[in-house]
Amino acid sequence: MPTSSIPQLIESCGFCRADEVEALQTMKTGMTNRSYAFFVKGNRYIIRIPGEGTDRLINRAREHAVYSAIESLGISETVHYFDPVTGIKIASYLTDAHVCDSGNWEEVTKCIAALREFHSSKLHVAHSFDLWERLDFYESLWKGEPSIYADYDKTKRAVLSLKRFIDEQPKSIQLCHIDAVPDNFLFVHDTNGAEQIKLIDWEYAGMQDPHLDVAMFIIYAMYDREETEKLIDLYFIDGCDKLTRMKVHCYIAVSGLVWSNWCEFKRHCGVEFGAYAQRQYDYAREYSEIFFREYREVFGRDYV
């Protein structure tokens, strides 16, 4: 969609007249959406327009339900318009905001504390995010095309084998962000100048184990093993037992393959993610092996 047609789109949403839209600016061409900032009567807003192939990836009615569930928390941006069919969203622009720097551990510590606080709310919605279903679904979108990775079948078998261990571990199922990655944590200031952290982009949110959100932060930040363990320790302020840590490692492996498959679909749509896509696949291979080694160390036998 050309930028020149955005004011007419905003008008079609019933938000304002097209001629009231001022200082339209392209803000982001992200992995799933395009965003444009604009002013109306001195107030700044941002419109999100779903990108290529997004209608096959995201259920916008479910996303709308999530925004309704979290509204009272004030944890996200103020949404003024949301079309649960198209996914077009208009929200207040968060002024002077910056995303979390995954290499700045002071900022990371604050974001993980905000994530933990959100999890403490234990919210519920009527839908879940099924890792295993998404893994197969994204692969199905390849329309029979083989993976670009020669050892994909071997890696997938290893990842699928982790389901039994994950299912056996205790967990609290509640609303999770799922895409709780550094870029979705925004540092802003309220009217009194106090720092706040907003968590945006709830497209994939659903009922899940909150420890999955920890894994998602790690794999998007593309942390190495040492940074991964540091992040886990930041979340589990009372300590993380060995089996829970192993469960998070499993989530890293499964999530890595989920988003690798997602990236392969987007590649078929003509959108490349380079190093990010490769790293997600590497997480699937690496952390499956890490889990298998840990299992042998803990139980004295191979995981079969």
| task | If a pair satisfies salt bridge (Lys or Arg N to Asp or Glu O under 4.0 Å) and one of its residues is in residues 206-218, list it, with sequence neighbours excluded. | result | Asp209-Lys247
| request: Applying side-chain contact (heavy atoms from CB on, under 4.5 Å), run through Tyr283 and Ser260 and close with a yes or a no. | output: CA-CA 9 Å; Tyr283 276 123; Ser260 175; over 6 Å; no
| Taking only residues two or more places apart in sequence, or in another chain, which ones meet Ser140 in a side chain to side chain donor-acceptor pair (under 3.5 Å)? | none
| Restricting to pairs with a member in residues 253-262, which pass salt bridge (Lys or Arg N to Asp or Glu O under 4.0 Å), not counting sequence neighbours? | none
| Looking at Arg157, Glu264, Glu139, which one forms a side-chain hydrogen bond (donor to acceptor under 3.5 Å, both in side chains) with Tyr152? | Glu139
| Phe82/His64 aromatic ring centres below 6.0 Å | yes
| query | Around atom CD of Glu195, are there more than 12 heavy atoms of other residues, nucleotides or ligands at under 6.0 Å? | reply | yes
| query | Is there a side-chain contact (heavy atoms from CB on, under 4.5 Å) between Thr228 and Tyr287 once you walk through the steps? | reply | CA-CA 11 Å; Thr228 291; Tyr287 276 82; 3.3 Å; yes
| Audit row: Tyr235, His119, ring-ring contact (aromatic ring centres under 6.0 Å, His included) steps and yes/no | CA-CA 11 Å; Tyr235 181 85; His119 287 158; 5.7 Å; yes
| Which pairs count as side-chain hydrogen bond (donor to acceptor under 3.5 Å, both in side chains) when at least one residue sits in residues 79-90, sequence neighbours excluded? | Tyr67-Lys89, Glu77-Lys89, His80-Ser92, Asp83-Thr86
| request: Just jot down the side chain to side chain donor-acceptor pair (under 3.5 Å) partners of Glu22, sequence neighbours excluded, or say none. | output: none
| field | Tyr45 ring center near Phe15 ring center (under 6.0 Å) | value | yes
| Qualifying salt bridge (Lys or Arg N to Asp or Glu O under 4.0 Å) pairs with a residue from residues 169-187, counting only residues at least two apart or across chains | none
| remark: The side chain to side chain contact (heavy atoms under 4.5 Å, CB included) partners of Val125 (sequence neighbours excluded) come to Val66, Ala69, His127, Leu175, Met207
| message | Distance alone, cut at 3.5 Å: any donor-acceptor contact between the side chains of Thr155 and Tyr281? | response | yes
| message | Tell me every residue that passes salt bridge (Lys or Arg N to Asp or Glu O under 4.0 Å) with Asp153, counting only those two or more places apart in sequence or in another chain. | response | none
| Looking at Glu294 and Lys242, does any basic side-chain N land under 4.0 Å from a carboxylate oxygen? | yes
| task | List the steps, then state whether salt bridge (Lys or Arg N to Asp or Glu O under 4.0 Å) holds for Glu63 with Arg60. | result | CA-CA 5 Å; Glu63 183 191 8; Arg60 297 300 181 179; 2.8 Å; yes
| said: Suppose we screen for side chain to side chain contact (heavy atoms under 4.5 Å, CB included). Which residues come up paired with Ala221, at least two apart in sequence or across chains? | reply: Ser102, Pro182, Tyr223
| request: Not counting sequence neighbours, which residues clear side chain to side chain contact (heavy atoms under 4.5 Å, CB included) with Asp282? List them please. | output: Gln278, Arg279, Arg285
| query | Which residues pass the side chain to side chain donor-acceptor pair (under 3.5 Å) test with Gln25, sequence neighbours left out? | reply | Arg44
| Are side-chain N/O atoms of Tyr295 and Arg301 paired as donor and acceptor at under 3.5 Å? | yes
| By side chain to side chain donor-acceptor pair (under 3.5 Å), which residues pair with Trp259, not counting sequence neighbours? | none
| said: Could you walk me through whether His189 and Asp96 satisfy the side-chain contact (heavy atoms from CB on, under 4.5 Å) test, starting with their C-alpha distance in whole Å, then the side-chain angles of each, then the deciding distance to 0.1 Å, before giving a yes or no? | reply: CA-CA 8 Å; His189 291 87; Asp96 297 325; 5.8 Å; no
| field | Polar contact flag, side-chain donor to acceptor under 3.5 angstrom, Asn59-Tyr204 | value | no
